[in-house]
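All values derive from a computational prediction rather than experimental measurement. Heavy-atom basis, side chains included; hydrogens, waters and symmetry copies ignored.
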Amino acid sequence: MERRHFLKTLLGSGIALAAGGCAAPVPGTGAVGGKSLTVTMRFAGPMNPAFYYFFLINRYGATGSLSARGPVAVYAPGQGGLVGYGNGFATGSPGNLGTPPDYGLTDYVLYNQNQPGGIGVYHFPGDPNIPNTAIYQGMPAQYTLPDLTNLSDIAGASTLSFRLQLSQLITDTSDPNQKVQEAAAIRYLQVNIVATNYVPTDQNSSGIKEVDAMGNTLDPTQESSFLTIDLSQNRTYTSQDTTTLLSPEPAGDVYPAGTKNDAIDIIYWSITVSS
């Protein structure tokens with residue numbers, strides 16, 4: 001979208017641009033100590049708070065699993081046996097469901113104008129392919145939203161960053177010490193970043209869904225790729241990482257082919273594991 005029209009659209013829809021302008025990280029809610037992930041994602045143009053920006057997580061079992069399925073974007077209805085669009089934004093990579101079920105997606109962080117404070121953490125208590133079943137868990141421990149007050153500052157307007165404590169993934173107890181203890185036992189997570197203009201929950205929806213995710217979204221062999229994170233050591237994964245991705249993150253790969261939407265075209269990301 002052309003930048004001047006994008007700004008006009010934001011103002012015309014009554015979005016409070018100042019709410020996104022945070023020069024310094026803002027403390028969130030519901031977090032306790034222990035290990036954390038600091039996530040940064042950058043796009044080819046100013047982010048649009050009416051769109052949907054997801055950091056997807058799969059934690060299979062108490063400790064996670066190196067061989068677990070991973071979260072991948074939903075591109076079209078019926079993908080991977082889904083009923084329609086499923087939850088409208090993500091599902092598990094191809095693979096056996098297993099026992100207990102490995103759905104490939106357990107949690108996510110979402111930036112969108114309809115979130116309290118603009119950003120929220122969610123947990124699926126069961127099958128994530130069922131629409132509208134995720135439970136809100138609060139906000140990331142710390143976050144910096146894109147600054148949409150000055151669209152000439154491309155870096156500020158096109159970047160989202162947040163810190164997620166692993167204890168925020170623990171939902172079976174409210175005891176802070178128990179949360180930290182359980183979080184410390186997590187060894188592996190499968191993650192992905194998905195940006196989309198549209199999250200259809202009507203299974204018969206016929207709208208145009210544009211998507212970008214980790215890797216080359218226009219390569220059918222990479223539509224099921226995701227990143228596996230080893231939490232046993234402090235390190236930073238970046239968009240040039242090919243540990244479990246097939247290729248580094250390219251620009252201009254928004255699905256479907258021929259689509260130009262800079263607001264969801266991922267050009268860089270990093271994920272830092274910290275003790």
Pairwise side-chain contact, [X] with [Y], heavy-atom cut-off 4.5 Å (strictly under):
X	Y	value
E249	T238	no
L227	M214	yes
L110	Y52	yes
Y237	V273	yes
L82	N129	yes
I119	L160	yes

Tell me whether [X] shares a hydrophobic cluster with [Y], the cluster being built from Ile, Leu, Val, Met, Phe, Trp, Tyr side chains joined at under 4.5 Å.
X	Y	result
F55	V194	yes
F226	Y103	no
Y108	Y60	no
F124	Y85	no
V109	Y136	yes

Approximate separation, where rounding is to 0.5 Å, of [X] [atom1] and [Y] [atom2]:
X	Y	atom1	atom2	value
D127	L97	CG	CG	8.0 Å
Y198	I208	OH	CD1	10.0 Å
L56	I193	CG	CD1	9.0 Å
S158	M47	OG	CE	8.0 Å
R235	S274	CZ	OG	12.5 Å
Q190	S67	CD	OG	8.0 Å

Identified side chain to side chain donor-acceptor pair (under 3.5 Å) counterpart of D107 within the set R59, Q168, H123 =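 Only one option passes, and that is H123.
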Looking at [X] and [Y], what are the two nearest heavy atoms and their distance?
X	Y	answer
N112	P49	ND2-O, 3.4 Å
P250	G215	CD-O, 3.6 Å
T38	S161	CG2-OG, 4.4 Å
L189	L37	CD1-CD1, 4.1 Å
V121	P140	CG2-N, 3.7 Å
L166	A183	C-CB, 3.7 Å

Say whether, by atom type as modelled, one donor and one acceptor occur between the side chain of [X] and the main chain of [Y] under 3.5 angstrom.
X	Y	answer
D212	T217	no
D147	G156	no
K35	L231	yes
S224	S93	no
Q165	G34	yes
K209	A76	no
R163	Q142	no
D265	G252	yes
N58	L105	yes
N192	A213	no

key: Residue pair T259, N261: steps toward the side-chain hydrogen bond (donor to acceptor under 3.5 Å, both in side chains) verdict   = CA-CA 6 Å; T259 300; N261 189 336; over 6 Å; no
Criterion ring pair (Phe, Tyr, Trp, His ring centres under 6.0 Å) against F54, the qualifying member of Y122, Y111, F89 =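 Answer to the ring pair (Phe, Tyr, Trp, His ring centres under 6.0 Å) test with F54 among Y122, Y111, F89: F89.
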Would you check if there is a donor-acceptor pair between the side chains of [Y] and [X] at a distance under 3.5 Å?
X	Y	value
S232	D230	yes
Q178	D175	no
R42	T159	yes
T91	Q79	no
N197	N48	no

ask   = Would you say N96 has more than 12 foreign heavy atoms packed within less than 6.0 Å of its CG?
value =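 Open.
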message = Quick one, Y53 with F43, criterion ring pair (Phe, Tyr, Trp, His ring centres under 6.0 Å). Give me CA distance, side-chain angles, the key distance, then yes/no.
response = CA-CA 11 Å; Y53 301 86; F43 297 83; 5.0 Å; yes
query = Which residue, L66, T63, I229, forms the side-chain contact (heavy atoms from CB on, under 4.5 Å) with Y188?
reply = L66
task = Decide side chain to side chain contact (heavy atoms under 4.5 Å, CB included) for V191 and V39; before the verdict, give the C-alpha distance in whole Å, the side-chain angles of both, and the deciding distance to 0.1 Å.
result = CA-CA 11 Å; V191 302; V39 179; over 6 Å; no
